[in-house]
There are 2 protein chains.
Amino acid sequence: MLTFSISEENHIKAIYHLQHGDQSVSTNQLAAELNTKPASITDMMKKLKAKKIIHYEAYKGFKLTPEGRKTALMIIRRHRLWEYFLSEKLQFSWDEVHEVAEELEHVSNEKLINKLDEFLDFPRFDPHGDPIPDASGKIEISRQIALSELAINKVAVVCNVKDQSADMLDLLNHKSIALGTKLEVKKKFDFDGSLELKIGKQPLINISRQLAENIYVKI
Amino acid sequence: MLTFSISEENHIKAIYHLQHGDQSVSTNQLAAELNTKPASITDMMKKLKAKKIIHYEAYKGFKLTPEGRKTALMIIRRHRLWEYFLSEKLQFSWDEVHEVAEELEHVSNEKLINKLDEFLDFPRFDPHGDPIPDASGKIEISRQIALSELAINKVAVVCNVKDQSADMLDLLNHKSIALGTKLEVKKKFDFDGSLELKIGKQPLINISRQLAENIYVKI
DNA sequence: TAATATTTTTAGACAAATCTAAATAAATAA
DNA sequence: TTATTTATTTAGATTTGTCTAAAAATATTA
């Protein structure tokens, strides 16, 4: 059975995320995502091609093969199960889990992950609201949209945040927006894309387009 | 704060184990322990010396510095906490935990380990009966002796097994000896060092000196 | 469509961790 | 105490993953 180095796993996972379903990924895109140089990406793509993880022809971008996709889903499964564990069992806060899970995800013992899954009672979503693939690699399509896309007067629940920088989390905290927060868009300003939100019985608050594009809600 | 590669951590841990307290460790010893070549050990020792983890002069063997010992104890802490977790929470059997913990021990987030410790309710011994260092690196001196050293007619509890090869575990299984088994030595044969044991109400069983030297008991 | 800009790849270098083979130091035996 | 054996180190090579600088391919724009 094919095994992968930590670096290979990180590349596979990044390609999966950048594909957004079925789009082809470019060298520069992947280099940016992984904070590395385009030349390094080319090197790695040759290796992943040899391992039949991606389809790749020079200058043409790359896509995961079915095998590659399955590998990516297993890495994501590990990552999200550990995030759930950290949050649920070790009381890590929402914004702390990602960094630690980035390391834990590379421990690839299959029994470990399946037993962990069972111990956690087969959770379906991680603390950011992202779906957790099951042992066979099946993943739920979650009905998530950016808050900026939410229709006026429709109630939705915050389930995910794209950018998880400290600045972002500071702002969310200030606005009292957290995972699970129920909210409703009361007005959209076309001029700058800012929104007026209703959260519970609080007075309406205003958020920028930039923030709204980074908050995902489940409808 | 100094960080270590997985390979460096494995070397530090192995030196700690081979020191048995305060003995100096040789190049060949360490090479044998890590299934690597003496030349590779020399390379690594130069690096660890530069990081002030060991005392080392060419041809003179090596010993951990106080800093090195502390580092080793933290790695061992992680290892044993994960072993406890695997055994206690994920129902891994006693002989499966080591291999997985060898990987998990290199995830070095301090908060993770301290929270895990708390979640497990601060266990003092891992599933093999080895003591778990606390957050400050303190480690209990466990009152363990080889079964071959146990006095006649003194009840003791199996708490550790030195050699954990499949052959060894197969033999233990056959003899119905497991961690936590209460037993008593009823007779010692000086000729070959074999022992007659009483386990509960079962008929007496016989074990070889070699086996007795590899089973540790708490008195 | 020719010129320019951008993207991607190639060529060659480097650090980490390991190896083999040869050289050297230390230990042991004659 | 000299010769031999054993242990350790050095020298130089290899693999993996990365880099920079330059070349080549592709895309864009005038």
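Values in this document were obtained by computation on a predicted structure and should not be read as measured data.
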At a cut-off of 3.5 Å, list every protein nitrogen or oxygen paired with a nitrogen or oxygen from nucleotides 23-26 of chain D, distance to 0.1 Å.
{"from": "D:dA25", "atom 1": "O4'", "to": "A:Y59", "atom 2": "OH", "distance (Å)": "3.4"}

Can you tell whether the side chains of B:K111 and A:E96 come within less than 4.0 Å, N to carboxylate O?
yes
May I ask you to check if B:K218 and B:F125 form a cation-pi contact, with NZ or CZ under 6.0 angstrom from the six-membered ring centre and within 45° of the axis?
yes
Note: B:P123 and B:D117 closest approach over all heavy atoms is CD-OD1, 3.6 Å
So which atom in B:I54 and which in B:I15 form the shortest heavy-atom distance, rounded to 0.1 Å?
CG2-CD1, 3.9 Å
Whole-Å distance, B:M45 CE to D:dT10 P, equals 14 Å
Pairing of A:D192 and A:R209 as salt bridge, 4.0 angstrom limit
no
A:E105 and its salt bridge (Lys or Arg N to Asp or Glu O under 4.0 Å) partner, picked from A:R77, A:K13, A:R78, A:R80
A:K13
Applying the side-chain hydrogen bond (donor to acceptor under 3.5 Å, both in side chains) test to B:H79, which of B:H106, B:H98, B:E9 qualifies?
B:H98
Would you jot down, in residue-number order, the residues of residues 6-35 of chain B having a non-hydrogen atom under 4.0 Å from DNA chain D?
B:S26, B:T27, B:N28
Lys/Arg cation over aromatic A:F119: A:K89, 6.0 Å, 45° cone:
yes
Under the criterion side-chain contact (heavy atoms from CB on, under 4.5 Å), I'd like the reasoning laid out for A:Y56 against A:L48: C-alpha separation, chi angles, the key distance, then a yes or no.
CA-CA 9 Å; A:Y56 167 59; A:L48 292 183; over 6 Å; no
Quick one: closest heavy-atom pair of B:A212 and B:L195, and the distance?
CB-CD1, 3.6 Å
Pair assignment for C:dT4, Watson-Crick or G-U wobble, requiring both distances under 3.5 Å
D:dA27
What residues 37-44 of chain B contributes to the DNA chain C interface at heavy-atom separation below 4.0 Å is B:K37, B:A39, B:S40, B:D43, B:M44
Pick base, sugar-phosphate or nothing for B:Y56, based on heavy-atom distances below 4.0 Å to the nucleic acid.
sugar-phosphate
How long is the line joining NZ of B:K49 and C1' of D:dT9, in whole Å?
14 Å
